[in-house]
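These notes concern the structure reproduced below.
Numbering of residues begins at 1 and proceeds along the displayed sequence. Counting convention: from 1, in listed order, for ligands and their atoms alike.
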Amino acid sequence: MPVILLTGFEPFGGERVNPSQEIVRVLDGEVVAGHRIVGAVLPVVFEGTPERLRELIGQHRPAIALGLGQAGGRSALSLERVAVNLVDARIADNAGAQPFDCPVIAGAAPAHFTTLPTKAMVAAITECGIPAELSLSAGSFVCNQVFYALAQLATEFDGLRAGFMHLPWLPAQAARFTDQPSMALAIMLEGVRAALACAIATRHDPVVAGGATH
Ligand code: PCA
């Protein structure tokens, strides 16, 4: 059976949970549209992560690789369109390293576009009644690093398409504040399943405008 590689992250920045880890734990082994999901939870650490992704892709040869990560403060499932070849860490990673102004992969392209149909995926998620949006930046921390590394691998491994989805906080995380958005795990799970089924069924984005003015 063809494989989808779904990656998530351990908690970081002093938090005790990460919605991406919870989702990967639930979906690991599940079958979506005839594809078996292989889940991998990554440490929030710059060093060694691109190499770990190369190993996972080489081992499982997935048709699709989708990275998931937490983006506290966002209110919708965010489909990332652009990965930049830049590391600029505002906080230390879980190994205590805070690299800045260096490339994810030296000598590689300045940026990669996702090879997943993000506009179609946003539509598929919102049709389920779940908020979703396009995003033009995955930041410059470990999530962008993973997105860039997966997008780079998609240029090297035949048939691999790669992308990244940022997730809102879980309600328990947002409850530390009075005014921050969150999304329940069950809703995120339904959205990720819908997005993956859409990505499998869809090769090209619909021809519709969807950018941002700022
Ligand atoms: N979010 C961070 C890193 C790990 C995660 O879940 C990010 O957006 O870079």
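Contact atoms of ligand 1 toward Gly69: 6 (O) (distance under 4.0 Å to a heavy atom of the residue). Close contacts between ligand 1 and Gln70 involve ligand atoms 1 (N), 2 (C), 5 (C), 6 (O), 8 (O) [criterion: under 4.0 Å to a heavy atom]. Interface atoms of ligand 1 facing Asn18, defined by a heavy-atom separation under 4.0 Å, are 5 (C), 6 (O).
No more than 12 heavy atoms of other residues, nucleotides or ligands lie within 6.0 Å of CD in Glu47, so this atom counts as exposed by the packing criterion.
Ligand 1 has no N or O atom lying under 3.5 Å from any N or O atom of Ala138, backbone or side chain. Inclusion of Ser20 in the set of residues having an N or O under 3.5 Å from an N or O of ligand 1 is not warranted. Below 3.5 Å of separation, one finds an N or O of His166 facing an N or O of ligand 1.
Distance CE/Met183 to CD/Gln173: 13.0 Å, rounded to 0.5 Å. Atoms NE2 and CD, from His60 and Glu55 in turn, are 10.0 Å apart once rounded to the nearest 0.5 Å.
In this structure the side chain of Ile200 reaches within 4.5 angstrom of the side chain of Ile64, judged on heavy atoms. No side-chain heavy atom of Gln70 sits less than 4.5 Å from a side-chain heavy atom of Phe9.
Evaluated by nearest non-hydrogen atom to atom 9 (O) of ligand 1, the leading choice among Cys143, Gly139, Pro11 is Cys143.
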(request) Show your working on side chain to side chain donor-acceptor pair (under 3.5 Å) between Arg74 and Ser135 and close with a plain yes or no. (result) CA-CA 10 Å; Arg74 292 199 196 178; Ser135 169; 3.3 Å; yes

